[in-house]
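Numbers for residues simply follow the sequence, beginning at 1. When a ligand or atom number is given, it counts from 1 through the structure's own listing order. Being a predicted model, the structure only gives us computed values, none of them experimental.
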Amino acid sequence: MNDRALFATKIGVIASTVGSAVGLGNLWRFPYVVGTNGGGAFLLTYLFCILLLGLPLMMSEFMVGRKGRCNASVAFSSLSSDKRWNVIGYLGIAASIIILGYYMVVSGWVVDYLYQSIGNDFVGKTGEEIKGDFVDFQSNPFKPLMWVAAFLVANYIILVRGVTKGIEKASNILMPLLFIILIVFSVYALTMPGAKKGLEFIFKPDFSMITGKVFLAALGQAFFSLSIGIGILITFGSYFKNNSNLLATSFTVAMLDIVVALLAGVIIFPVIFSFGDAPTQGPELIFVTIPSLMQHMGFPHFWSILFFTLVAVAALTSTISLCEVAISFINEKFSLNRKQATRILLSLVAILATLSSLSFSTLSEFKMFDMTFFSFSDYISANILLPLGGLLLSIFIGWRVDKNLLLHEFSLNSKLPKGLFKGIIFVIKYLAPILISLIFLSQLGIFN
Ligand code: PHE
């Protein structure tokens, strides 16, 4: 286990972790949950969850991985003799497989949009027409599945080539480019007539909107976006060098992740309000607004190809890292080689993705707790499994792991001020478990 590949450079560490963090969670899920949870109030709650709970938990995951030098399911036993804590790793693996099931579907939509962009299919269409086309596409049982298959194959090819080469190379070059494109789009969006209303929607909190439900959605989105509670950061941590600075890495990743999500919001809401659309549309939000925005910019053909290529790559770096969790588990647990492990995982994901994709057509009447298979997978993973993973992780780190070990690990290669260390421990030990439990309880209707 000691010959695990290590990230070669500091930039490699950050770029790969950002590659995993920045994905459809920022570009697709963030705007849609902001829209359906009341705008500014949600954003504030979300930032609170990232900074106060997300950061310390992110550091904790990195630490567990770096210390354990093995996959998420067994890393915990290297810090505690009680094997039961491995359940956190298993929960994360389950969550990653469920997320992959519907993430692949949305990624497939992105690839279809890339294909349509190449064919210049959006040109001259009104927002209404673009929306109508999306609904038609979604309700066709076969076409979306074809793109899911294409996306699965792309994952397979990259995954069998191994972790450092595949992930590092792709994200090092393309994530900065995505960032630049988002800035260009946001500048354009801000000149639109609905810009003021859009910005107000996202940045002006109406505190009365903060309910238990909004809090849970914000917590789920924070964890989802930072890839917390799943074991991916544990797996990445296991590839870190011993002297990597956990606080600085976590902070940089969280900031970049927030900025990308905010940029997506600053693009999408001004456009929505300019076209007089409702922000509450749900999962189709970016697929309707972005092509409409581009029809109002110069060179729409160029922008749309570039944009959807980069979103597809952002999705790819996230799915690859999601797969990495389960693959390194199957690989090490069942002593299968990487290729076999990848095949097993992707076959399982293909089944889930088929069910998710068909939940917009053939299986639209099939409901679980009043949700389609797609929405159910989204809800159960982001709002239940990830926060639950975070809750258990905080209890484990806060109550089971030796403080001196934590101090040593958290402050390697940096001088962590004592006060800050105490603050982090306080959050992990008390605040995170209590807050996450309260948010869960509020969902059971105990308050509100
Ligand atoms: N954070 C990724 C995104 O925002 C999704 C993801 C979740 C990736 C969990 C890995 C693990 O799209």
Show the distances, to 0.1 Å, for all pairs joining an N/O atom of ligand 1 and a protein N/O atom that are shorter than 3.5 Å, listing one pair per line.
| residue | atom | partner | partner atom | Å |
| --- | --- | --- | --- | --- |
| ligand 1 | 1 (N) | S20 | O | 3.3 |
| ligand 1 | 1 (N) | A21 | O | 3.0 |
| ligand 1 | 1 (N) | F224 | O | 2.8 |
| ligand 1 | 1 (N) | S225 | O | 3.0 |
| ligand 1 | 1 (N) | S227 | OG | 3.1 |
| ligand 1 | 4 (O) | A21 | O | 2.8 |
| ligand 1 | 4 (O) | G25 | N | 3.3 |
| ligand 1 | 4 (O) | N26 | OD1 | 3.3 |
| ligand 1 | 12 (O) | L24 | N | 3.1 |
| ligand 1 | 12 (O) | G25 | N | 2.7 |
| ligand 1 | 12 (O) | Y103 | OH | 2.4 |

Over 60° means perpendicular and under 30° means parallel, so classify the ring planes of F201 and F269, tilted if in between. tilted
Of all pairs that satisfy side-chain hydrogen bond (donor to acceptor under 3.5 Å, both in side chains), the ones with a partner from residues 278-294, not counting sequence neighbours: none
With sequence neighbours left out, what residues match K429 under salt bridge (Lys or Arg N to Asp or Glu O under 4.0 Å)? none
Which side-chain N or O atoms in residues 91-103 pair as donor and acceptor under 3.5 Å with protein atoms at least two apart or in another chain?
| residue | atom | partner | partner atom | Å |
| --- | --- | --- | --- | --- |
| S96 | OG | I93 | O | 2.8 |
| Y102 | OH | D378 | OD1 | 2.9 |
| Y103 | OH | L24 | N | 2.8 |
| Y103 | OH | S318 | OG | 3.4 |

Count the heavy atoms of every other residue, nucleotide or ligand shown that sit under 6.0 Å from NZ of K204, and state whether that count exceeds 12. no
Classify the ring geometry between F122 and Y113 as parallel (under 30°), tilted (30 to 60°) or perpendicular (over 60°). tilted
